[in-house]
Number of protein chains: 2
Amino acid sequence: MTPQIPKPGNPVRGSKTGKPIMALFDLLGRSWALGVVWKLSRSSMTFRQIQESCEKVSPTVLNRRLKELTSSGLVERGASGYRLTATGIELFELLKPFGIWSTKWAEGLPKDDRNETVTRP
Amino acid sequence: MTPQIPKPGNPVRGSKTGKPIMALFDLLGRSWALGVVWKLSRSSMTFRQIQESCEKVSPTVLNRRLKELTSSGLVERGASGYRLTATGIELFELLKPFGIWSTKWAEGLPKDDRNETVTRP
DNA sequence: TATATCGCTACTCAAACAGTAGCAAGGAGA
DNA sequence: TCTCCTTGCTACTGTTTGAGTAGCGATATA
């Protein structure tokens, strides 16, 4: 009933052992979690600004992600809205290389416009 | 009806613009996607080996993740099971620092054993 | 007082995930 | 050939998560 916020040491969706890396993957492996960290890295933003910048993510989900990220010490609320904490910035620094890499990855992919399913006999 | 496999250029869950970074975040922001890449980085594994190593992830989900990751060029099937492609290994190299960082992050977190909700007046 | 914005909550409906059972294909051994 | 085992799934059911929309209370501004 209570929403599960993944934390190392706690068994969560994706990890019964609570290993830090699995708790982190669980936290980030939810819709818009990575996106929010990415967007907040540029500047602090209000709730509605994040919503717009993240293609109208529903307030329900955004609110949940923000609570999770706050409770995990990655995001905090300042006077000018939500922003990354020092820890959050650290995480973003690790995340930063994904930006450039993703464009290389995009170029290397076959440019079909539909998602092909793996064909089976 | 057809399962959505996030690819840059395609509007997907989490990104109508199809920007590479958002497509990547969408791909990785699904349960066990990051975990599978992490586990496969050590060695190639069979379907059931991955399942066991990932705490009995349901075959339904594992199968979907493997198809998505395969179709995205990060994973392939060899004689000895599933393994990362060259691209997948590149991605893992970016992911590797998260391992150490997550343990630091875990130490810094308050050691409460329950997920507290943000209190509101 | 009206009005506008902000951070949400409440709802409904669809998609994703968990959990379990079991099947078809392939190989090893008798 | 006939078991017996492993592997890679598919099928099914029930729960959780997410999308999408409406709107409320609080605060600020005119």
Side-chain angles (χ1 to χ4, degrees), chain A residues 1-6 11-17 22 25-36 39-40 44-71 75-83 115 117-121, chain B residues 1-6 11-16 22 25-36 40 44-71 75-83 115 117-121:
Chain A
M1 192 62 69
T2 322
Q4 276 280 42
I5 301 183
V12 284
R13 182 196 79 161
S15 180
K16 281 160 190 151
T17 63
M22 289 303 157
F25 283 172
D26 185 21
L27 177 68
L28 299 179
R30 297 176 177 206
S31 79
W32 283 110
L34 286 164
V36 166
K39 297 284 184 182
L40 282 184
S44 68
M45 300 170 97
T46 67
F47 189 93
R48 300 220 174 187
Q49 281 174 333
I50 304 173
Q51 237 189 313
E52 283 183 27
S53 121
C54 290
E55 326 201 17
K56 308 291 193 308
V57 53
S58 79
T60 321
V61 173
L62 179 55
N63 187 30
R64 221 177 281 175
R65 284 306 91 82
L66 286 171
K67 273 180 187 162
E68 290 163 5
L69 292 171
T70 301
S71 150
V75 166
E76 65 189 355
R77 276 186 80 170
S80 53
Y82 291 94
R83 65 181 176 211
N115 293 318
T117 313
V118 179
T119 55
R120 293 183 308 107
Chain B
M1 194 61 69
T2 321
Q4 277 279 42
I5 301 183
V12 284
R13 184 196 77 160
S15 181
K16 282 160 191 150
M22 288 303 158
F25 283 172
D26 184 21
L27 177 68
L28 300 179
R30 299 177 176 208
S31 78
W32 282 110
L34 286 164
V36 166
L40 282 183
S44 68
M45 300 170 98
T46 68
F47 189 95
R48 300 221 173 186
Q49 280 174 334
I50 304 173
Q51 239 190 310
E52 283 182 28
S53 124
C54 291
E55 326 199 20
K56 306 291 192 309
V57 51
S58 79
T60 321
V61 172
L62 179 55
N63 187 30
R64 223 177 279 177
R65 285 303 92 82
L66 286 171
K67 272 180 188 163
E68 289 162 4
L69 293 171
T70 301
S71 150
V75 166
E76 64 190 355
R77 277 187 79 171
S80 53
Y82 291 94
R83 67 181 174 210
N115 293 317
T117 313
V118 179
T119 54
R120 294 183 309 105

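Letters A, B, ... are given to chains in the order of the sequence lines, protein chains preceding strands, and every chain is numbered from 1.
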Which pairs, protein N/O on one side and nucleotides 11-13 of chain D N/O on the other, fall under 3.5 Å?
from   : atom 1 : to    : atom 2 : distance (Å)
D:dA11 : N6     : B:T60 : OG1    : 3.4

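- Residue-level contact check: B:T46 touches the backbone only, with heavy atoms under 4.0 Å from sugar-phosphate atoms and none from bases.
- Following rounding to the nearest Å, B:W32 (CH2) and C:dC17 (C1') show an atom-to-atom distance of 13 Å.
- Remark on DNA chain C: of its neighbouring residues B:R65 and B:R48, the 5'-side contact belongs to B:R65, judged by nearest-heavy-atom nucleotide.
- Remark: P of C:dC17 and NZ of B:K67 are 14 Å apart, rounded to the nearest angstrom.
- Between A:E52 atom CD and C:dG7 atom P there is a gap of 11 Å when expressed in whole angstrom units.
- Rounded to whole angstrom, the span from the CG atom of B:L66 across to the P atom of C:dC17 amounts to 13 Å.
- One atom, CD of B:E68, and another, C1' of C:dA15, lie 13 Å apart when rounded to the nearest Å.
- If you take CZ of A:R64 and P of C:dT9, they are 11 Å apart, rounded to a whole angstrom.
- Taking the side chain as every heavy atom from C-beta outward, B:I50 and B:L66 approach each other to under 4.5 Å.
- As a whole-Å value, the separation of A:F47 CZ from D:dG25 P is 18 Å.
- A:N63 has its side chain within reach of A:F47: a pair of non-hydrogen atoms, C-beta onward, lies under 4.5 Å apart.
- Atom CZ in A:R30 sits roughly 17 Å away from atom C1' in D:dA19 (whole-Å rounding).
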Decide side chain to side chain contact (heavy atoms under 4.5 Å, CB included) for A:L28 and B:L28; before the verdict, give the C-alpha distance in whole Å, the side-chain angles of both, and the deciding distance to 0.1 Å. CA-CA 9 Å; A:L28 299 179; B:L28 300 179; over 6 Å; no
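- For B:E76, the salt bridge (charged side-chain N to carboxylate O under 4.0 Å, His left out) partners are B:R83, not counting sequence neighbours.
- Within the structure, every side-chain polar atom (N or O) of A:S58 is placed at least 4.0 Å from both OP1 and OP2 of D:dG20.
- Taking the nucleotide of DNA chain D with the nearest heavy atom to each of B:N63 and A:Q51, the more 5' of the two is matched to B:N63.
- Atom OG of A:S53 and atom CE of A:M45 lie 4.0 Å apart (nearest 0.5 Å).
- Between A:V61 and A:S31 the shortest side-chain heavy-atom distance falls below 4.5 Å.
- Listed by chain and number, the residues in a side-chain contact (heavy atoms from CB on, under 4.5 Å) with A:R77 are A:Y82 (sequence neighbours excluded).
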